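The block underneath contains the structure these notes are about, expressed in C-alpha cells.
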2 protein chains.
Amino acid sequence: MDEQLKRILLVEDDPNFGTVLKDYLSMNDYEVTHAKNGMEGFEKFKRGDFDLCILDVMMPYKDGFTLAKEIREKNAEVPIVFLTAKAMKEDVLKGYKVGADDYLNKPFDSEVLLMKIKAIMQRKANDTVADSKQFEFKIGGFDLNSKLRFLTYNGGEQVKLSPKENELLRMLALHENDLMPRELALTKIWRDDNYFTSRSMDVYIAKLRKYLKLDPNVEILNIHGEGFRLVVNQND
Amino acid sequence: MDEQLKRILLVEDDPNFGTVLKDYLSMNDYEVTHAKNGMEGFEKFKRGDFDLCILDVMMPYKDGFTLAKEIREKNAEVPIVFLTAKAMKEDVLKGYKVGADDYLNKPFDSEVLLMKIKAIMQRKANDTVADSKQFEFKIGGFDLNSKLRFLTYNGGEQVKLSPKENELLRMLALHENDLMPRELALTKIWRDDNYFTSRSMDVYIAKLRKYLKLDPNVEILNIHGEGFRLVVNQND
DNA sequence: GTTTTTGTTAATGTAAGGTTAAATGGTAAG
DNA sequence: CTTACCATTTAACCTTACATTAACAAAAAC
C-alpha cells in the first residue's frame, strides 16, 4: 500500500488563524480538513477518517472539550491536541481527563507544533495494530497482490489495478463471504461518506465485477442498504 | 446490525419551546416524536418504542408525573427526564420517586441537555443485555442467516430477504413454537403500532409463508387478535 | 349475519444500486 | 507551453429492490 497522507482535522473558529495554520500544515504534507465550529467539527469527524484532531478550546457554540468528548465516544484511539489561548491549569486538567494527547498555548511556535504532531503520530503508529497488514489474497482462481496492485487469473495474464480498484478489492477480500459495509469502504478508502463518493464506489464495484467475470465462481453481491459481499463458490 | 437512531419521546405543551427543542434534538441525530399533552404523550408512547422520554412537568390536563407513572407501568426500563420551569424541591423529590433519571430546570443550556441525554443512554446501554445477539437460526429444514439476510433450504438455493422480511422472520424464530405478539413486532420492527403498519406486517407474513412453503413441517399460524406462531413439526 | 381481523395480490412511490459516458484534474512527455 | 494520458469524479439515465397502501376475499368473533 502506498503511504497514505496523514489526515488532520482542525477545528478552529478564528478564520485567520485557522486558515494560516491549515496552510502551514498542508505545506508540510498533511491533508487538513478545517471546521469552523464544534458542530461542523463533529460532523466532519464522523464522515472522515482522521489521524489527528487539533481542537481549539475556546469556541462559541460548542467548546473543544465537549467536542473532544463526543469524538472520544466515537473513537477511543484518535489523538487529540488542544489549542488554547490562556494556560489555565484547570483547563489543562480537564483536557487531559477527556483524553488529550497534548496541549499547546497560543501563540505557539509552528515548528514545535510540527514536531509534536510527528511525535504523536509515531507513538500511535506503534501501538496501533493497524488495519490488517495482509496484502496478498487468493480469491477463487484469482491472486490479488495488493502491494503491487495487480490481479492474476490462474497464473495467467496480470491485470493492473488502479489505487482505488485495489483498495476496494482488498477490503472486500478482507471480508470474504461476509458483509463489507458500504460505510466502511467509504470512510476508509474515500475518506468521506456522501452521495457522490457512494456513486463513485458503485462505479468501482462495476469495474471490479468486470475483472472478476473470468471466474464464474467469484462474484460481488449487493446487500441492499448494507454493503457488498465478495463470495467465492466452491463448486469444484 | 446497523446503528439504529435513538428515539426520543418529547411531551411538551408549549408549542414554541417544544418545536425548538424537537428541532434541536433532531439536528443532533435523534429521532424525536413530539406530543403536545399528556394524553397524546401516552398514546404515542404505547405505539412506539422509545429510548428516552422527556416530559414537561407542568401540562394542562395530565401533568408529567402522572404521565410518568403510566409510562412506568408499561415499561420499567425506559429513562425519563423531567423538564420544569421552577425548581421546587418537593417536585424534584416527586420526580425521582416516579423513577426519573434526571431533572432539568427551564431555561436550561441545550448542550447540557445533550450531554445528559448521552450519559443516560450510555448508562442504560450498559445494563441492558440488549435484544438477543443471535443471528443464525435453524427453522425445520431452513437456515436463516439474519446478518447477511438470506434463507437456505437444505443447504440448497439461497433466498435473499428484505430487511423487514428478515427482521420479522428473526423475531418469529426467537419465539419459535411460541406466541410472537403482533404488538411486539410492530413496536420493535415498525416502531409504530397502527392500522397501516399492521396491514403491512400481514403482507410480510404472507411473503414469509411463501418462502417457508418449501418445508411442509414449517408454518406460521395466526392466533386471532394476539399474534403469530412459527411452528416446526417434527414428523420425521 | 354483521363486524372485525386476517390473507393475498397488485399498484404505487421512493430509494438504492448499476451502467455508461463525459468532465475534471493531475502528471509526464513532447 | 501544449498535448496526451490516466485515475477519478460527476452526471445522466436506467433498473431493481423495498415498503406501503389499496382493494377485495376469507375466516373468526360476536
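Note that the structure is a prediction, hence the values are computed from the model and not measured. Note on naming: letters A, B, ... go to the chains in the order of the sequence lines (proteins, then strands), and numbering restarts at 1 for each one.
A search for side chain to side chain donor-acceptor pair (under 3.5 Å) contacts involving B:E219 returns nothing, not counting sequence neighbours. Shown here are the side chain to side chain donor-acceptor pair (under 3.5 Å) partners of B:K207, two or more places apart in sequence or in another chain: there are none. The side chain to side chain contact (heavy atoms under 4.5 Å, CB included) check on B:A35 picks up B:V11, B:E40, B:K44, with sequence neighbours excluded. Annotation: side chain to side chain donor-acceptor pair (under 3.5 Å) contacts of B:T187 (sequence neighbours excluded): none. Residues that satisfy the side chain to side chain contact (heavy atoms under 4.5 Å, CB included) test with B:K213, not counting sequence neighbours, are B:K210. Considering only residues two or more places apart in sequence or on other chains, A:T197 meets the side chain to side chain contact (heavy atoms under 4.5 Å, CB included) condition with A:L186, A:W190, A:D192, A:N194.
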(message) Generate the contact string for nucleotides 24-29 of chain C. Rules: B means base contact, S means sugar-phosphate contact only, - means no protein heavy atom under 4.0 Å.
(response) ------
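Screening residues 172-182 of chain B for salt bridge (charged side-chain N to carboxylate O under 4.0 Å, His left out), with sequence neighbours left out, gives B:R182-B:D202. Evaluation of the ring pair (Phe, Tyr, Trp, His ring centres under 6.0 Å) test over residues 149-186 of chain A, restricted to residues two or more places apart or in two chains, returns A:F142-A:Y153. The salt bridge (charged side-chain N to carboxylate O under 4.0 Å, His left out) analysis of residues 149-164 of chain B, with sequence neighbours excluded, yields the pairs A:E226-B:R149.
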Could you list the protein-to-nucleotides 20-28 of chain D atom pairs, N/O on both sides, closer than 3.5 Å?
residue	atom	partner	partner atom	Å
D:dT20	OP2	B:W190	NE1	2.8
D:dT20	OP2	B:S200	OG	3.2

Output one line per pair: protein atom, nucleotide atom from nucleotides 11-14 of chain C, and distance, for all N/O pairs under 3.5 Å.
none

